[in-house]
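One structure below.
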Amino acid sequence: MGLFDGVTHNLAEQALDATWYKQRVITHNISNSDTPDYKAKTVEFGLILKEKCKCRYHDGIKDGLYHKDVSPFDENGHLRLTVTTGYETNTNQILDGNNVDMEKEQSALADAQYQYSALTDYLNNNYQMIRKAVSK
């Protein structure tokens, strides 16, 4: 097992990618706020992550929410973070068919930026600890 093969590190990298993707989708929604018939998109990965962390899966025996065919683990035993993209259904359409809610999108973007920053800080702290351990 290498320095960067741990479950936590792997999951943090996947979450960083998912958060970056979420920011891209939100900025795409914001840029299309005046496009007629544009439907806002959503990205979900936090709920999936919470459910995946609730279960244990060993040797084909489920102890939790998942069956063998939908194991949350990849072939290396790492948790696999799945990102889903859908369409916003909780906002009202305006007359031109567009349903982008700018306040909601800006709030979601700020939240995603905070998550990205926190994940970056976490990974940077891990790298600094390894750097200090190697340099001594």
Side-chain angles (χ1 to χ4, degrees):
M1 182 169 155
L3 289 174
F4 307 114
D5 291 339
V7 173
T8 306
H9 184 81
N10 186 325
L11 202 54
E13 285 182 342
Q14 291 180 57
L16 194 64
D17 289 341
T19 306
W20 173 78
Y21 175 69
K22 185 174 185 174
Q23 288 180 42
R24 284 186 51 211
V25 169
I26 293 168
T27 56
H28 188 74
N29 287 344
I30 291 171
S31 67
N32 283 290
S33 64
D34 293 328
T35 305
D37 295 322
Y38 180 80
K39 305 300 180 216
K41 295 178 183 172
T42 60
V43 175
E44 293 294 330
F45 65 91
L47 298 175
I48 296 166
L49 175 62
K50 285 181 189 174
E51 287 188 14
K52 287 186 179 195
C53 289
K54 286 182 186 176
C55 75
R56 293 176 185 250
Y57 191 87
H58 302 286
D59 302 324
I61 301 170
K62 71 177 176 88
D63 178 26
L65 305 171
Y66 297 94
H67 300 282
K68 186 174 183 177
D69 58 337
V70 289
S71 170
F73 299 98
D74 64 12
E75 62 277 353
N76 298 323
H78 295 148
L79 277 172
R80 190 178 43 216
L81 182 62
T82 305
V83 179
T84 59
T85 305
Y87 289 95
E88 180 62 56
T89 59
N90 296 329
T91 55
N92 295 326
Q93 294 187 124
I94 55 177
L95 293 175
D96 66 357
N98 188 311
N99 72 341
V100 176
D101 181 353
M102 287 298 288
E103 290 179 12
K104 184 175 182 178
E105 296 297 329
Q106 290 171 344
S107 175
L109 182 60
D111 185 48
Q113 288 170 338
Y114 177 74
Q115 290 173 357
Y116 191 87
S117 177
L119 287 164
T120 303
D121 289 346
Y122 170 78
L123 289 171
N124 283 335
N125 287 338
N126 283 348
Y127 295 143
Q128 286 176 358
M129 285 191 303
I130 292 169
R131 203 175 302 128
K132 284 181 183 179
V134 171
S135 68
K136 290 188 178 194

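- Listed here is the closest heavy atom pair of Asn29 and Lys41: ND2-O, 2.7 Å.
- Distance check: Gln14 CD to Leu16 CG gives 11.0 Å after rounding to the nearest 0.5 Å.
- Hydrophobic clustering, with ILVMFWY side chains joined whenever heavy atoms are under 4.5 angstrom apart, groups Leu11 together with Tyr21.
- Asn32 and Asn98 make their closest contact through O-ND2, 2.9 Å (heavy atoms, listed as atom of the first residue, atom of the second, distance).
- Under a hydrophobic-cluster definition in which Ile, Leu, Val, Met, Phe, Trp and Tyr are linked whenever side-chain heavy atoms come within less than 4.5 Å, directly or via other members, Tyr127 and Tyr122 are assigned to the same cluster.
- Heavy atoms only, all atoms of each residue included: Ser33 and Met102 are closest at CB-SD, 3.6 Å.
- Among all heavy-atom pairs drawn from Leu123 and Ala12, the shortest one is CD2-CB, 3.9 Å.
- Distance check: Leu109 CG to Tyr116 OH gives 13.0 Å after rounding to the nearest 0.5 Å.
- Across Asn99 and Lys39, no two heavy atoms sit closer than the pair OD1-CA, 3.2 Å.
- With hydrogens and angles ignored, the 3.5 Å screen pairs a side-chain donor or acceptor of Asn125 with a backbone N or O of Asp121.
- To the nearest 0.5 Å, atoms OG1 (Thr19) and CD (Gln113) are separated by 11.0 Å.
- Summarising the geometry of Glu88 relative to Thr42, their closest heavy-atom pair is OE1-CG2, 3.2 Å, with the distance given to 0.1 Å.
- With rounding to the nearest 0.5 angstrom, the CZ atom of Arg24 is 12.5 Å from the CD1 atom of Ile26.
- Arg131 CZ to Asn124 CG: the interatomic distance, rounded to the nearest 0.5 Å, is 8.0 Å.
- Under the 3.5 Å distance criterion, with hydrogens and angles disregarded, no donor-acceptor pair is assigned to the side chains of Asp96 and Tyr38.
- Separating the CD atom in Gln115 from the NZ atom in Lys22 is a distance of 5.5 Å, to the nearest 0.5 Å.
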